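Structure first, commentary second.
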Amino acid sequence: VEISLRTNKISWVQDFLHDNNAGLQKLIQYMKFRYELEKKGGHKRNKQTLTRTQSLDTGLSNSFSSYSYTVNSSYSSSPYSSIPFHGTEVSDIHICVLCMRALMNNAHGFAAVMKDKEAISVMVLSMFFGTQRTIITVVELLAAVCLVRGGHIKVIEAVDNFKKENKEQHRFECLVRYFMDHRNVTTEFQIACMNFINIIVHSAEDVNFRVHLQYEFTELGLEEYLQFLKSSSDVAQTLVDQISAYEENYFNISALVEEAQQRSEALLQVELMKKNQLE
């Protein structure tokens with residue numbers, strides 16, 4: 001199906017999406033079914049570690065206490081570490097994600113995905129399976145969705161749903177946990193994640209919400225980790241460019257408050273000077 005969606009004529013895609021075939025709906029239902037199966041069996045894969053929620057809670061509170069990414073054991077002991085790059089990348093759920101990508105490369109398919117109430121959510125849930133290749137594909141698709149009208153809120157809603165389903169304490173903490181596992185993830189993975197973070201934060205139309213999203217990532221320790229990456233000798237230039245883009249668009253709240261106070265004081269001085277001149 002994925003090859004057909006990618007290579008066949010537009011008429012084939014239209015037939016796939018037609019109500020009589022309901023291809024997209026069947027794809028979504030299957031992805032939900034696989035997610036539930038994986039969720040029920042997830043603990044069997046991590047018997048030697050803490051549960052997902054426990055490891056995240058302890059890891060996020062302790063990760064930056066020592067501020068050493070080379071010796072910090074919280075990254076190596078988490079079930080979110082050691083994400084396979086190949087492994088199950090040819091699994092059925094990864095193929096489903098590729099089907100979504102093939103659909104979204106087509107105008108009719110993209111419109112259908114955007115219109116569907118569950119399509120974006122099941123893509124985000126597919127990150128639960130934890131292969132690097134699947135996550136790379138998902139975050140690239142989410143970044144594209146963020147840039148179209150109405151897409152940003154759809155992604156946020158999907159991330160909220162992921163948070164609820166996986167009992168995260170904070171939004172994005174699973175993704176940030178993966179991103180910070182620098183000893184096990186690829187450069188391609190880090191670049192894709194950083195690009196998504198840039199877009200999800202800086203494509204928000206409301207400035208207050210943009211600041212809020214920025215604060216959420218700050219609370220997860222992103223800024224400290226970005227400084228660590230920049231100081232690494234083997235960091236890729238493309239990743240450095242993504243980090244620089246994030247920092248250049250960063251809202252320094254303290255500086256903005258200080259600037260507003262200085263502006264108010266300056267305006268007050270101008271008013272006093274005018275008053276004195278009139279007298």
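What you see is a predicted model; the values in this text were computed from it and never measured. Along the sequence shown, the residues carry numbers beginning at 1.
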For the [atom1] atom of [X] and the [atom2] atom of [Y], what is their distance to the nearest 0.5 Å?
X    : Y    : atom1 : atom2 : result
R171 : L213 : CZ    : CG    : 6.0 Å
S11  : Q14  : OG    : CD    : 6.5 Å
I191 : E188 : CD1   : CD    : 8.0 Å
S121 : E165 : OG    : CD    : 9.0 Å
I28  : E118 : CD1   : CD    : 6.5 Å
N195 : L142 : CG    : CG    : 11.0 Å

Closest non-hydrogen atom pair between [X] and [Y], with its separation:
X    : Y    : answer
M180 : L220 : CE-O, 3.3 Å
V139 : M127 : CG1-SD, 4.2 Å
A192 : I136 : CB-CG2, 4.1 Å
S203 : H152 : OG-CD2, 3.1 Å

Full working for side chain to side chain contact (heavy atoms under 4.5 Å, CB included) between H170 and V176: CA-CA 10 Å; H170 308 279; V176 171; over 6 Å; no

Look at the side chain of [X] and the backbone N and O of [Y], then say whether any donor-acceptor pair between them is shorter than 3.5 Å.
X    : Y    : answer
D116 : A112 : no
H202 : N198 : yes
E216 : F172 : no
K163 : E173 : no

Going by atom types alone, do [X] and [Y] pair a side-chain donor with an acceptor below 3.5 Å?
X    : Y    : answer
D181 : N184 : yes
Y178 : Q132 : no
Q214 : Y246 : no

Side-chain heavy atoms of [X] within contact of [Y], under 4.5 Å:
X    : Y    : answer
F196 : V155 : yes
R34  : V122 : no
I197 : Q242 : no
L226 : F217 : no
M104 : E140 : no
S126 : Y35  : no
K32  : L125 : no
M100 : L24  : yes

Side chain to side chain contact (heavy atoms under 4.5 Å, CB included) between C193 and L175, intermediate numbers included: CA-CA 8 Å; C193 288; L175 182 63; 3.7 Å; yes

Pairs satisfying salt bridge (charged side-chain N to carboxylate O under 4.0 Å, His left out), at least one member in residues 238-249, at least two apart: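 Residue pairs with at least one partner in residues 238-249: K230-E247.
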
Those residues that, when tested against E2, pass side-chain contact (heavy atoms from CB on, under 4.5 Å) (two or more places apart):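 For E2, the residues satisfying side-chain contact (heavy atoms from CB on, under 4.5 Å) (neighbours in sequence not counted) are R6, I95, L98, C99.
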
Set of side-chain contact (heavy atoms from CB on, under 4.5 Å) partners for Y215, sequence neighbours left out: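 Y215 satisfies side-chain contact (heavy atoms from CB on, under 4.5 Å) with E219 once adjacent residues are dropped.
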
CD1/I10: more than 12 non-hydrogen atoms of other groups inside 6.0 Å: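 Open.
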
Presence of salt bridge, E205 and R149, under 4.0 angstrom: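 No.
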
Worked verdict on N106 versus L5 for side chain to side chain contact (heavy atoms under 4.5 Å, CB included): CA-CA 9 Å; N106 176 286; L5 287 170; over 6 Å; no

Is it the case that one hydrophobic cluster holds both [X] and [Y], taking links as side-chain heavy atoms less than 4.5 Å apart, direct or via other members?
X    : Y    : value
I3   : I93  : no
I199 : L141 : no
I153 : V145 : no

Parallel, tilted or perpendicular: rings of Y30 and F33 (30°, 60°):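 Judged by the thresholds at 30° and 60°, the geometry between F33 and Y30 is tilted.
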
Aromatic plane relationship, Y225 with H182 - under 30° parallel, 30 to 60° tilted, over 60° perpendicular: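 If you compare the ring of H182 with that of Y225, the planes turn out tilted.
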
F189/R133 under side chain to side chain contact (heavy atoms under 4.5 Å, CB included): CA gap, chis, key distance, verdict: CA-CA 8 Å; F189 180 89; R133 176 56 62 189; over 6 Å; no

